[in-house]
Amino acid sequence: FTAVHRPARRRYAKAGFPSKVVESWMVGTPVITNLSSDLNRYALDGQNALVLVGEDPGAFASGLERALASTHSFSRESIAKWAESEFSPSSWAISIDRFLRAGA
């Protein structure tokens, strides 16, 4: 697991959320996180993440307990495939090409 626990209403990353989250997903690592920044668009509880119910220390402790109990319930291969389809440069190539051609 990769853990990202931040104040939900404070933005740290101008790109939406920390790049470490995408890096983790690209190699199939689930994330323990509360829904800060734009993570609510991508973090799926039980699929690629353990979503914390709050930003307080108790919520993080509960998330760690869930992580210890579910170490074999995540498919690292499925997480990596999903991340490849969402975040790899090749997954955005057509959209970027259309955008560049529209401005030409």
Side-chain angles (χ1 to χ4, degrees):
F1 291 95
T2 297
V4 178
H5 191 222
R6 296 183 168 181
R9 287 159 205 71
R10 188 164 177 193
R11 294 191 71 88
Y12 290 92
K14 293 181 181 179
F17 49 84
S19 60
K20 296 296 179 204
V21 172
V22 173
E23 292 169 2
S24 296
W25 284 334
M26 291 296 284
V27 295
T29 303
V31 177
I32 301 170
T33 188
N34 61 318
L35 298 178
S36 62
S37 300
D38 293 334
L39 282 170
N40 62 329
R41 295 178 60 198
Y42 300 99
L44 307 170
D45 192 56
Q47 294 179 35
N48 62 3
L50 288 175
V51 176
L52 304 175
V53 295
E55 57 188 64
D56 61 283
F60 188 70
S62 294
L64 289 177
E65 289 174 2
R66 285 180 61 206
L68 292 171
S70 67
T71 56
H72 299 292
S73 63
F74 288 91
S75 168
R76 292 178 63 94
E77 184 179 326
S78 294
I79 293 170
K81 280 183 165 182
W82 168 82
E84 176 77 19
S85 71
E86 289 290 324
F87 303 111
S88 70
S90 61
S91 70
W92 290 91
I94 293 171
S95 297
I96 291 171
D97 183 60
R98 286 183 187 147
F99 174 78
L100 293 174
R101 289 177 192 272

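Throughout, residue positions are numbered sequentially from 1 according to the sequence presented. Heavy atoms only: backbone and side chains are in, while hydrogens, waters and symmetry mates are out.
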Could you check L52, V51, V4 and say which one makes a side-chain contact (heavy atoms from CB on, under 4.5 Å) with I32?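 In the set L52, V51, V4, the residue that makes a side-chain contact (heavy atoms from CB on, under 4.5 Å) with I32 is L52.
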Pairs satisfying salt bridge (charged side-chain N to carboxylate O under 4.0 Å, His left out), at least one member in residues 81-91, at least two apart: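 Sorted pair list: E77-K81.
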Where at least one partner belongs to residues 22-32, residue pairs that pass side chain to side chain donor-acceptor pair (under 3.5 Å), sequence neighbours excluded: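 Sorted result for residues 22-32: T2-S24, K20-E23, T29-R76.
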Same cluster or not: are W92 and L100 linked, directly or through other Ile, Leu, Val, Met, Phe, Trp or Tyr residues, by side-chain heavy atoms under 4.5 angstrom apart?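 Both belong to a single hydrophobic cluster.
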L39 and V21: side chain to side chain contact (heavy atoms under 4.5 Å, CB included), yes or no, with the steps? CA-CA 9 Å; L39 282 170; V21 172; 3.8 Å; yes
Show your working on side chain to side chain contact (heavy atoms under 4.5 Å, CB included) between V31 and F1 and close with a plain yes or no. CA-CA 5 Å; V31 177; F1 291 95; over 6 Å; no
What are the two closest heavy atoms between A43 and A49, and how far apart are they?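 Taking every non-hydrogen atom into account, CB-CB, 4.0 Å.
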Least distance between heavy atoms, M26 atom then A80 atom: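 That would be O-CB, 3.6 Å.
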Gap separating the [atom1] atom of [X] from the [atom2] atom of [Y], nearest 0.5 angstrom:
{"X": "S73", "Y": "R66", "atom1": "OG", "atom2": "CZ", "answer": "9.0 Å"}
{"X": "E65", "Y": "L50", "atom1": "CD", "atom2": "CG", "answer": "12.0 Å"}
{"X": "R98", "Y": "I94", "atom1": "CZ", "atom2": "CD1", "answer": "6.0 Å"}

Mind checking what makes ring-ring contact (aromatic ring centres under 6.0 Å, His included) contact with Y42, not counting sequence neighbours?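 For Y42 the ring-ring contact (aromatic ring centres under 6.0 Å, His included) partners, ignoring immediate neighbours, are F17, F87.
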Within a strict 4.5 Å, meaning less than it, do heavy atoms of the N48 and W82 side chains meet?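 Heavy-atom side-chain distance check passes, below 4.5 Å.
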State whether the number of non-hydrogen atoms from other residues, nucleotides or ligands found under 6.0 Å of I96 atom CD1 is greater than 12.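 Yes, the 6.0 Å shell around CD1 holds more than 12 heavy atoms from other groups.
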H5 side chain to N34 main-chain N or O, any donor-acceptor pair under 3.5 Å?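 Here the side-chain-to-backbone pair does not exist.
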